[in-house]
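For clarity, every value in this text was computed on a predicted model and none was experimentally measured. Values below: all heavy atoms of this structure, side chains included; hydrogens, waters and symmetry mates excluded. A note on names: the letters A, B, ... follow the listed sequences, proteins ahead of strands, and every chain is numbered from 1.
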Number of protein chains: 2
Amino acid sequence: MEARIEKVKQQLQSQGYKLTPQREATVRVLLENEEDHLSAEDVFMLVKEKAPEIGLATVYRTLELLSEMHVVEKMNFGDGVARYDLRTESNKHHHHHLICVQCGSMTEIMEDWLIPLEERLEKEYGFSVLDHRLDFQGICAKCNAARASETKEETDK
Amino acid sequence: MEARIEKVKQQLQSQGYKLTPQREATVRVLLENEEDHLSAEDVFMLVKEKAPEIGLATVYRTLELLSEMHVVEKMNFGDGVARYDLRTESNKHHHHHLICVQCGSMTEIMEDWLIPLEERLEKEYGFSVLDHRLDFQGICAKCNAARASETKEETDK
DNA sequence: ATGAATGCAAACTTTTTGCAGGACT
DNA sequence: AGTCCTGCAAAAAGTTTGCATTCAT
């Protein structure tokens, strides 16, 4: 944890930026919630617990800065707000999301199944892949099961 | 073209909605720009050419309605605006986007390279895929070429 | 005449920007 | 002293909503 903060600090300093208390608090919140996809507002509220004086604009500016430094990834799930994720060590972000259209749950698969595709893109399109994003919309196992057991009631459709 | 309008009309009517002139004009704009990913504002401006009296709110309401009917797909590319795409006949939307981080160009690949992955998801996770989205960020062939020829000047970095 | 749909304007939400004051070197 | 950074408030940008009017049955 401290090691990762230190790393961010060095990344910032290498570009002439400082790891101010506000920025550090923001990074800590992101570290402590690595599993989630926090919106700027989420981050703001969590950071406020450690640094109550912080302003929302600072959070936005920090997230944008971290985004430019590729420390976090700015994402959009179509719910009208941008969400931010700490990037993994490898600096590639091989997340696959399984988004259930029924219950809204989101599962993450870290496995990378796309390497062969990327190689094909490079060869056939001359396109050098830096990152990618793969989302699947569908019905999760739980909802599939629930659905199966409800079949009796659903005789009208 | 007329056939697809007619189909939308029937879809709307089956749910008790009408294909008003404004809605028809909106659908026509989407049909004529099927290759693009138009924002609501884009659609608004294009529709205005055919139906100058239309209001932006109507366009938003129409796009939302069409989205609910699964006639269009609402998408988010992370640029802060929602974009809308007519769905294909198959009701699946197998688009792959190659987004160049250098010049911002976006190429679309219609080919579906994900069928094997979807089968694997179904088997290993019990997740039934309804749709998916795959975006690659990277450097396109053109920028790659430009970059290669500029290497001489870039001796400072 | 009844309910659906529209245009306009106002409201709302998320994000960005301007600016004066503060902190650090 | 100079530059980067911050908080606040105002402004933008995108989208939604309320309401009176119009349209089609």
Side-chain angles (χ1 to χ4, degrees), chain A residues 8-29 37-69 71-85, chain B residues 8-29 37-69 71-85:
Chain A
V8 171
K9 185 175 178 181
Q10 284 168 15
Q11 272 186 274
L12 287 173
Q13 288 179 341
S14 75
Q15 306 283 322
Y17 299 114
K18 298 169 202 164
L19 185 64
T20 63
Q22 290 92 336
R23 287 177 181 167
E24 184 175 332
T26 304
V27 175
R28 282 188 190 277
V29 161
H37 307 284
L38 301 176
S39 68
E41 200 85 27
D42 293 339
V43 174
F44 176 56
M45 289 192 306
L46 289 166
V47 172
K48 267 209 145 171
E49 292 171 11
K50 327 190 162 212
E53 76 292 350
I54 201 171
L56 179 56
T58 301
V59 171
Y60 271 103
R61 282 187 282 232
T62 300
L63 290 172
E64 205 206 316
L65 178 63
L66 293 175
S67 204
E68 279 168 23
M69 314 277 311
V71 171
V72 305
E73 184 176 7
K74 188 175 180 178
M75 296 187 298
N76 243 290
F77 289 108
D79 59 351
V81 297
R83 298 185 174 276
Y84 300 85
D85 249 30
Chain B
V8 171
K9 185 176 178 180
Q10 285 169 14
Q11 271 187 275
L12 287 173
Q13 288 178 342
S14 75
Q15 306 282 324
Y17 300 113
K18 298 169 201 164
L19 185 65
T20 63
Q22 290 91 336
R23 287 177 182 167
E24 185 174 332
T26 304
V27 175
R28 281 186 192 279
V29 161
H37 308 284
L38 301 176
S39 68
E41 199 86 27
D42 293 338
V43 174
F44 177 56
M45 289 193 304
L46 289 166
V47 172
K48 266 209 147 171
E49 292 173 11
K50 328 190 163 211
E53 76 293 350
I54 200 172
L56 179 56
T58 301
V59 170
Y60 271 104
R61 281 186 282 232
T62 300
L63 289 173
E64 204 205 316
L65 178 62
L66 294 175
S67 203
E68 279 168 24
M69 315 278 311
V71 171
V72 304
E73 183 177 7
K74 189 175 179 177
M75 296 186 296
N76 244 291
F77 288 107
D79 59 350
V81 296
R83 299 186 174 275
Y84 301 84
D85 249 30

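Comparing B:Arg61 and B:Gly80 by the nucleotide of DNA chain D that holds the closest heavy atom to each, the one mapping nearer the 5' end is B:Gly80. Taking for each of B:Tyr60 and B:Pro21 the nucleotide of DNA chain D with the nearest heavy atom, the 5'-most of the two is the partner of B:Tyr60. Nearest-nucleotide assignment on DNA chain C puts the 5′-proximal partner with B:Thr20, out of A:Glu41 and B:Thr20.
Contact annotation: the side chain of B:Thr26 never approaches that of B:Thr58 to less than 4.5 Å [non-hydrogen atoms, C-beta and beyond]. Contact of the B:Gln15 side chain with the B:Gln11 side chain is not registered, since no non-hydrogen atoms from C-beta on lie closer than 4.5 Å.
The minimum heavy-atom distance linking B:Thr62 with B:Arg23 is given by the pair OG1-CG, 3.7 Å. Nearest heavy atom pair, residue A:Val81 against residue A:Ser39, reads CG2-CB, 4.0 Å. Pairing each heavy atom of A:Val59 with each of A:Ala40, the nearest pair is CG1-O, 3.8 Å.
Between the CG atom of A:Asn76 and the C1' atom of C:dT13 there is a distance of 14 Å, rounded to whole Å. Across the protein-nucleic acid pair, A:Arg23 atom CZ and C:dA23 atom P stand 16 Å apart, rounded to whole Å. Atom pair A:Met75:CE and C:dT15:P shows a separation of 13 Å (rounding to whole Å applied). Note: CG (B:Leu56) to C1' (C:dA9) measures 12 Å, nearest angstrom. Atom CZ of A:Phe44 and atom P of C:dT13 are 16 Å apart (whole Å). Taking atom NZ of A:Lys18 as the reference point, atom C1' of C:dC24 lies 5 Å away to the nearest angstrom. Rounded to whole Å, the distance from CD on B:Gln15 to C1' on C:dG3 is 18 Å.
Counting 5' to 3', DNA chain D first comes under 4.0 angstrom of a heavy atom of chain B and last does so at the ends given by D:dG14 to D:dG18.
In this structure, B:Gln10 CD and B:Gln13 CD are separated by 7.5 Å, a value rounded to the nearest 0.5 Å.
Heavy atoms of A:Glu64 sit nowhere under 4.0 angstrom from any nucleic acid atom. In this structure, A:Ile54 reaches the sugar-phosphate backbone alone: every heavy-atom distance under 4.0 Å involves primed, P, OP1 or OP2 atoms, never a base.
Surrounding NZ of A:Lys9 are at most 12 heavy atoms belonging to other residues, nucleotides or ligands under 6.0 Å away.
Within the 4.0 Å cut-off from OP1 or OP2 of C:dT14, not a single side-chain nitrogen or oxygen of A:Ser39 is found.
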